[in-house]
Structures are given as structure tokens and as C-alpha cells.
Number of protein chains: 2
Amino acid sequence: MAKITTHRQGQARVTINDLAAELGLAKGTVSRALNGYSDIAEGTRLRVSRAAERMGYRPLAQAQAIRTGRARSLGLVLNAGRSDAHKPFLTDFLDGISRGASEESWTLTVATAEDEADEVTTMTRLIAERKVDGFILPRTKMVDARIRLCKSKDVPFILYGRTGDPEGCAWFDICGEDAMREAVLRLARFGHRRIGWIGGMQDYAYTNLRRGGFLAGLAEAGLDPDPAIMVDGVFTVEDGFNAGLRLLDMPEPPTAVVCALDLAALGLYRAAARAGRRVGRDLAVIAYDGIPEAALADPPLTTFAVDTRAAGRALAAMLIARIRGTPPEELRRVVPARLIPRSSDRLSILPPNLPPEPAHHPTTPV
Amino acid sequence: MAKITTHRQGQARVTINDLAAELGLAKGTVSRALNGYSDIAEGTRLRVSRAAERMGYRPLAQAQAIRTGRARSLGLVLNAGRSDAHKPFLTDFLDGISRGASEESWTLTVATAEDEADEVTTMTRLIAERKVDGFILPRTKMVDARIRLCKSKDVPFILYGRTGDPEGCAWFDICGEDAMREAVLRLARFGHRRIGWIGGMQDYAYTNLRRGGFLAGLAEAGLDPDPAIMVDGVFTVEDGFNAGLRLLDMPEPPTAVVCALDLAALGLYRAAARAGRRVGRDLAVIAYDGIPEAALADPPLTTFAVDTRAAGRALAAMLIARIRGTPPEELRRVVPARLIPRSSDRLSILPPNLPPEPAHHPTTPV
DNA sequence: ACCCTTGCCGAAACCGGTTTCGAGGCAAAG
DNA sequence: CTTTGCCTCGAAACCGGTTTCGGCAAGGGT
């Protein structure tokens, strides 16, 4: 009987020494067999892996880590400070990451921070203790302290979003700019010629992108942008409400509004009510995010949905690849958002300056 | 100059060897000094800790783990399978745990599972690889496979909630039964004598507790429970809607309803509208959870709020204590929920069988 | 028959810590 | 002046893995 090393009292764990003893091999040989070194005979490799299976051997993650420098753990630092818009998606996001990590037998280490400085502090600690091998950075900003930190410490990372200086960055993102562009074209097809804009927080990278997509859509539709009906810096329903009031209070208010966030649109709903207008009747709205509340709004909000779970999974897989050495330039993916056509963008009462709606196009998903 | 061991190219990490060399001490001595052994002179200890501070030495978590058997990491397995009611709280919960863990320089490892069997599988993997030292088990059931697993593998755990067999269990919980009891007494004080009940999923431990609290409240108010106006097994808004319809369709419907979940109450709102009644006018409602939507409901929902962040923090601290050896019997805490009085439980139109409301008591927080 | 690869594996160093054991120094006790 | 004992620290084993290095045997070429 092989000698079993006991650790906690009563708990038996099969170590590589037990395996080696059982097989009559040196433990180094067993290790190399298990890790696919080329200097191990095929028969031996088989014998080893079978015995490992049979005895239920699982290498001790930390023991490997100390030599290889790999903890097989992905880091995620959540900013719990401000009321995050990704709150409703958090479970899906975590699920996606965790699943992507599990597939490679990696794990996910989560920490929280209350502001940007705290984020950097927390990440520094995780790096110093080598608790994680790399980071997933959600909600990237145009200039992002976390990215600078990772670069300076030479620790792998992947962005969920994009950033100002792409040098050395890998990312996965949803193509918000295409969505916004498509939103404009869709509204223009419905006859709208005065299309307003409510955009997100300035420093987030996605804000610029979506704004650019909006402008590109206008240009493509042959419409001139009017700064008077464009508001930025919105982050909450409250903000959206105020922005909506501003837009609808114009001498020549928009007949349609594109919102960079569902939350902004929800605020706009209330602003419209206050201004004596009603979304889906005489004001068309298209937004972005696909939060559950959007479906329950009255009228149901046409929006672009993001598959957060899939994003998490992709991010995990890509970060692991990055850690294993794939150059960042090969790890850049941008996938389209999916339009969910509901009724907030089809008007039942046409404003005076709108022509009758053309023949009903089948809704055009990307 | 001390020799610096480089690991990744270009990256310098201060190891305990560097520290020992710099100080002219044996590395074992340095280790003992840092860990507060009694056989180190006070002066030496000071000299060591100062040097560690100055050189920015942080012990490598995994290296410690391999000898001590402590990864200094807490495990949390989320069930992403069913649409979890704790979704809105997840950020707060994670924040609380993470903060509690950070205070002791521990970290949080998160994984997800899609069902109960998957939970056990995932936990088993984390245990086998010794990635975590213990688990936080949220949403405990009366008989819970996770608890059985932890007990059989002798790995520490703490419940967020309670369970059928308390033997060997540590827990932190919110006293939902007291809240439900108080809800009944409050409604009785307002004159209600027919108080309905909508309860949660049967197998969760909290459901029994809250139900018991409801019944205790009835007894204390001198009211007889009527099974006809009690519905259980509700978990979603949809369920709540159906349960509400059943209650309000009775020949002798309740004038007030206590809900074990805010979500159920939200469904009840819609059921009331369908049945030609209106919450806050001729139907009083008190619920439990304190989700954000409750404040936005029309009328705003009176409910019991749970400080999820504080719960997370307490759970982390208690689990660490458990791992360090505190017996489970000393780690059992139940704290009260906080009543948030809003307008859903004060009627503007009294049903025929209700006496006029007595003098307005100041709302009585626990 | 001899040399040179090549394939395969054992032995030992190593990773960065923790813990055990024992030795030296110094003070108090005999 | 020993002896005893405590305080403090060095040396080395240890934890569970990975990786380097070298040696032995078999096989191929001349």
C-alpha cells in the first residue's frame, strides 16, 4: 500500500509522491508524464495518467504555482463605489467568466474597490501576492489607471471594452458604435429627420465609440448633427430624466432619440411624460444594453442586447491565452450587439414634420 | 546590494531570501519574526518588520499555502442556474465579503454552477486543488447537499441562512421570522383581521422560518390562521401574480397580505390591479428583502431591508475565524431586519370590515 | 566492432516559504 | 567555579510540485 501523506487530521490527499511510489517511478518522471513532456515514453505516460485517474490525484494548485509562477487564477476587481450599471448583468458576467475559467481548470478571484485609486491598490496587492495571473478589466476608460498598472508591472490583462491607446492591449468588446449607427439609420428609415442623442459618462471608452456611431449614422442618412439636441454625461435614470427634459424643452425638439444606455432611456420616458409627450406615440426611442427592465417598460423599449455571459466566457478564454503567451494583437475581438425590436421606436401618432411611415421593413438584425 | 531573484523577465520580486540576506539573518529567523513567534528578540523583530516594510516584501501566498495548508482564500459558489432573487444584492454581497476578507489579507474565489449537483462538483474541485480554505454557503436549504459535502470532507464553512440540522454548522442570518411577526402585528394594529400570506420556495430554510414568524404574529394578535388565504412556493413576480389572483379571488379575501419576498409583492400589485383592487387603497401589503424596485413601486412598498453588504462582511470574518479554529457553536449570529415603512400598508379607503385606523403610532423599528 | 545519436528515465536542484531541532551565549542558581 | 536554564538564532528538513542535467541502454551508421 502506498504511503498516504495526511495533512489535516483524517484527511487524505494523494500527492505526486504517492503516485510515484505506487508506480515505482521518480516523482519528476511522473510530473513530466502528466505535463506532456516529449521525453516520456508513450506507454509510461499512459500508465501514469491512468494511475492518476484511478487514485484521484489532483495537483495542488499552489504547489505548482510556486515553481511555474502561475496561480491558474483570473483576477476581477469590481468597482462597488458607484452604483454600477452592470449590476443586473453581474451574475451572468461572473457565470461566463467562471465557466470559461473552469474549462481550463482555472479559477476566478474577485475583489472589490470603492474608487479608482482603491482599484489600483487592490490590484497591486493581488499582484504582489501573486494571487492572480492576470486581470479582466471591465468598464475601461479612455485613459485607465488599471491598464497603466498592468503594463508597468508586466502582468497580463484583457479589456472588456476598448481604450485610448491600444498599444499592448488585448480586448473583447461589443460593437456599440455599429448599434448606434444602425439605430439612427433605422429611425431615419421611419422618416425621422431630427434625431436626438443622450450619451454616457465622458471618461468611459464606450461613450466616445457610441457617440461616434451615432454621428456616423447621421452622416450616412444625410442628416446634419445638431449639438443642441445632444446631451452627454448621463449615467443614471435620474440623469436621463434631466437630459430628456432638456431635449424636449428645445424650441425644435427631436422626434426621436437614441440613448447610449437603457437607464437613460428609462429617465427619458419620465421626462416625456412630464413634457406631455409619450414614447411610442409621438416620440421614438432606441437604446442600448438590454437590461430586463427595458422589456417591462411602457411601452417596451427597443434596444440592443448584449450577451454578457458569452462576453465573460470569451474574456476568460482570451485572458488565459494571453497569459500563456499569445501576443495581445491577436487577441482583439469585437462582436455585434443584437437588436431587440420592441415598440418604443414605432410611432402611433406622427409628429407634423414626419412623413407617413414607409412600408414595414422586416426588422433588420445585424 | 542584495541579490534579487527575478521571476518573469524584468520583474523583481522581493523574496524572503533577499530580506534575510539584506539583514544578515537566516531566512527561518526572518519568517518567524514576521509571524510573531515568541523565540525572536523584540529588537530583531522590529528590525525585520521595518526592513520588510522598506523593501516592500509581501510573502507569496501560494508558497505559504503549501506548507501551512492555508490558501488564505474564501470560496463562494453561486448558483447561476435559476434566476436568483439575490441578483440585485450580488454586488453588495461580494463587496461585503471581499472587504471582510481583505481586512485579513484573504481573497475571495468565486465560481458558478447551474444546479445543485453542479455546485457540489465545483466545490469538490476547489477542495481537491486546495484553492479555498472554506466556503460561504448562501441560500441554505433545509437539507443541503453542500453542507453534507463540507462535513464529509471536513472543510470549514459558514451558512448565510440556517438549516435543518444545525449540528456542526456556523451561520449568520437575518431574522426573517421576527420581521414577519412584526409585519402581522403592525397590520393587526391597523385593524386588519384577515391577513393573507404569500411565502417562498419550500426547500429554502428561510421559507419555514418566515412562515413560522407569520403564524407566531397571528397567534400573538389573537387571530386564527386560515390556510385558504396562505400560498407558498412563490419565487418570481410571475408566481406572485398567480398567488395574488388566488388570494383575491376568495369569497372572503384578505384585507392585508404579508409577503415573504418583495418579488412576490410586486406580482401581487399586478394581481390586485387585475382584480379591481389597489394596494395602498383597499389592500395593505408588507414584504421582505428591500430590493430597490420596492421603493419605485406604486405605491412604494413597505418592506424589511437587509444590509447585504454588512452580511457579507460578517460572513467573511466569521468564516476566517472558523478556519482558524473557532468552534462552530461560537459562530452563530442572527441580526434583525430593518423595517422601511412606506405607503403600501396604510389604506386610504377602508374595506367594510375594517375599523377606522387607530391613532398613528410612530413606526416601530425593531 | 566502434562511435554517435536518440529515447527514456532517475537524481537532485529549485521555487519561496514554514517549522523543527539544536547549539551558543549569558544570567541566575547552586 | 560549575551547573542549569532561558533566550535567541542558525541550519536544515519539509511542503508538493517543476525543471535541469546527466547517465544508461538501444539503435543506426560506418
Side-chain angles (χ1 to χ4, degrees), chain A residues 2-8 11-48 52 55-72 105 128-131 133, chain B residues 2-8 11-48 52 55-72 105 128-131 133:
Chain A
K3 176 179 159 249
I4 301 289
T5 44
T6 72
H7 203 251
R8 229 181 310 232
Q11 281 305 308
R13 224 192 69 88
V14 182
T15 73
I16 199 170
N17 288 311
D18 302 328
L19 243 190
E22 172 81 11
L23 288 164
L25 292 174
K27 74 170 178 176
T29 305
V30 173
S31 171
R32 289 193 312 259
L34 255 17
N35 291 331
Y37 276 59
S38 61
D39 66 344
I40 300 292
E42 189 54 33
T44 309
R45 183 198 321 289
L46 225 64
R47 209 159 63 87
V48 170
M55 299 175 64
Y57 168 69
R58 313 254 358 188
L60 192 56
Q62 306 98 348
Q64 312 190 99
I66 156 179
R67 187 70 218 254
T68 62
R70 298 269 156 80
R72 291 221 319 266
S105 277
E129 295 190 352
R130 287 265 201 284
K131 284 260 189 174
D133 301 315
Chain B
K3 179 179 159 246
I4 301 286
T5 45
T6 73
H7 204 248
R8 229 182 310 232
Q11 282 303 310
R13 222 192 70 88
V14 183
T15 73
I16 199 171
N17 288 313
D18 303 328
L19 202 52
E22 171 81 11
L23 288 165
L25 291 174
K27 73 170 178 177
T29 305
V30 173
S31 171
R32 289 195 312 263
L34 255 18
N35 291 332
Y37 275 59
S38 59
D39 66 345
I40 300 293
E42 189 53 32
T44 309
R45 183 198 320 289
L46 225 64
R47 208 158 64 86
V48 169
M55 300 176 63
Y57 169 69
R58 312 254 1 187
L60 192 57
Q62 307 98 349
Q64 312 190 102
I66 157 179
R67 186 72 217 255
T68 62
R70 298 267 157 81
R72 291 220 317 267
S105 277
E129 295 190 352
R130 287 265 202 287
K131 284 260 189 175
D133 302 314

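By convention in this document, chain letters (A, B, ...) are assigned in the order of the sequence lines, proteins followed by strands, and residues within each chain are numbered from 1. Quick caveat: nothing in here was measured; it's all calculated off a predicted structure.
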Chemist: Please tell me if B/Arg70 has a side-chain N or O lying less than 4.0 Å from either OP1 or OP2 of C/dG17.
Modeler: no
Chemist: Under 4.0 angstrom, heavy atoms only, what part of the nucleic acid is A/Gly43 near: base, sugar-phosphate, or nothing?
Modeler: nothing
Chemist: Separation of B/Leu60 atom CG from D/dG16 atom P, in whole Å?
Modeler: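 Going from B/Leu60 (CG) to D/dG16 (P), I get 17 Å.
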Chemist: In this structure, how many angstroms lie between the P atom of D/dC9 and the CG atom of B/Leu23, rounded?
Modeler: 11 Å
Chemist: With a 3.5 Å cut-off and sequence neighbours excluded, list the donor-acceptor pairs that the side chains of residues 55-63 of chain B form with protein atoms.
Modeler:
{"from": "B/Arg58", "atom 1": "NH2", "to": "A/Glu129", "atom 2": "OE2", "distance (Å)": "3.0"}
{"from": "B/Gln62", "atom 1": "NE2", "to": "A/Arg130", "atom 2": "O", "distance (Å)": "2.4"}

Chemist: Using the test salt bridge (Lys or Arg N to Asp or Glu O under 4.0 Å), find all partners of A/Arg47 that sit at least two apart in sequence or belong to another chain.
Modeler: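 With sequence neighbours excluded, A/Arg47 shows a salt bridge (Lys or Arg N to Asp or Glu O under 4.0 Å) to no residue whatsoever.
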Chemist: Any donor and acceptor pair, going by atom type alone, linking the side chain of B/Arg72 with main-chain N or O of B/Ser105 inside 3.5 Å?
Modeler: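 Confirmed, B/Arg72 side chain pairs with B/Ser105 backbone.
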Chemist: Detail all sub-3.5 Å separations between protein N/O atoms and N/O atoms belonging to nucleotides 24-27 of chain D.
Modeler:
none

Chemist: How many Å lie between CG on A/Leu25 and P on C/dA12, as a whole number?
Modeler: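 Spelled out: CG on A/Leu25 to P on C/dA12 is 16 Å.
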Chemist: Check whether any side-chain nitrogen or oxygen of A/Arg72 sits under 4.0 Å from OP1 or OP2 of D/dG17, and answer yes or no.
Modeler: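 Checking A/Arg72 against D/dG17: no side-chain N or O falls below 4.0 Å of OP1 or OP2.
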Chemist: What residues, two or more places apart in sequence or in another chain, satisfy side-chain contact (heavy atoms from CB on, under 4.5 Å) together with A/Ala20?
Modeler: A/Lys27, A/Val30
Chemist: Does D/dT18 have OP1 or OP2 under 4.0 Å away from a side-chain N or O of A/Ser31?
Modeler: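 Checking D/dT18 against A/Ser31, a side-chain N or O does come within under 4.0 Å of OP1 or OP2.
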Chemist: Show the nearest heavy-atom pair for residues B/Asp133 and B/Gly69, with the distance to one decimal.
Modeler: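 Nearest pair, atom of B/Asp133 first, then B/Gly69: OD1-O, 3.7 Å.
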Chemist: How many Å lie between NZ on B/Lys27 and P on D/dC14, as a whole number?
Modeler: 14 Å
Chemist: Side-chain N or O of B/Thr44 less than 4.0 angstrom from OP1 or OP2 on D/dC9?
Modeler: yes
Chemist: What is the distance from CZ of A/Arg58 to P of D/dG17, rounded to the nearest Å?
Modeler: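 One finds 12 Å between P of D/dG17 and CZ of A/Arg58, rounded.
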Chemist: Could you tell me the separation between the CD1 atom of A/Ile16 and the P atom of D/dG16, rounded to a whole number of Å?
Modeler: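 Going from A/Ile16 (CD1) to D/dG16 (P), I get 11 Å.
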Chemist: Within the 4.0 Å limit for protein heavy atoms, which parts of nucleotides 20-28 of chain C are touched? Write it as a string from 5' to 3', B for base, S for sugar-phosphate only, - for none.
Modeler: B--------
Chemist: Nearest heavy-atom pair of B/Ala65 and B/Ala71: which atoms, and what distance?
Modeler: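 Where B/Ala65 meets B/Ala71 most closely, the heavy atoms are CB-CA, 3.8 Å.
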Chemist: Could you work out how much the helix from C/dA1-D/dT30 to C/dG30-D/dC1 bends, comparing the axis of its first five pairs with that of its last five, to 10°?
Modeler: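 The helix from C/dA1-D/dT30 to C/dG30-D/dC1 shows an end-to-end axis angle of 60°.
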Chemist: Given D/dT18, D/dC9, D/dG16, which nucleotide is nearest the side-chain atoms of A/Arg13?
Modeler: D/dG16
Chemist: With respect to the side chain of A/Thr15, which nucleotide from C/dG17, D/dG16, D/dG10 is positioned closest?
Modeler: D/dG16
Chemist: Nearest whole angstrom, please: distance from the C1' of C/dC8 to the CZ of A/Arg47.
Modeler: 13 Å
Chemist: Quick one: are B/Leu19 and B/Leu34 in side-chain contact, heavy atoms under 4.5 Å?
Modeler: yes
Chemist: On a heavy-atom basis, which atom in A/Ile40 and which in A/Thr44 lie closest, and how many Å separate them?
Modeler: CG2-CB, 4.0 Å
Chemist: Side-chain N or O of B/Asn35 versus OP1/OP2 of C/dT18: is the shortest distance under 4.0 Å?
Modeler: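 Indeed, a polar side-chain atom of B/Asn35 lies that close.
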Chemist: Rounded to the nearest angstrom, tell me the gap between atom OH in B/Tyr57 and atom C1' in C/dG17.
Modeler: 6 Å
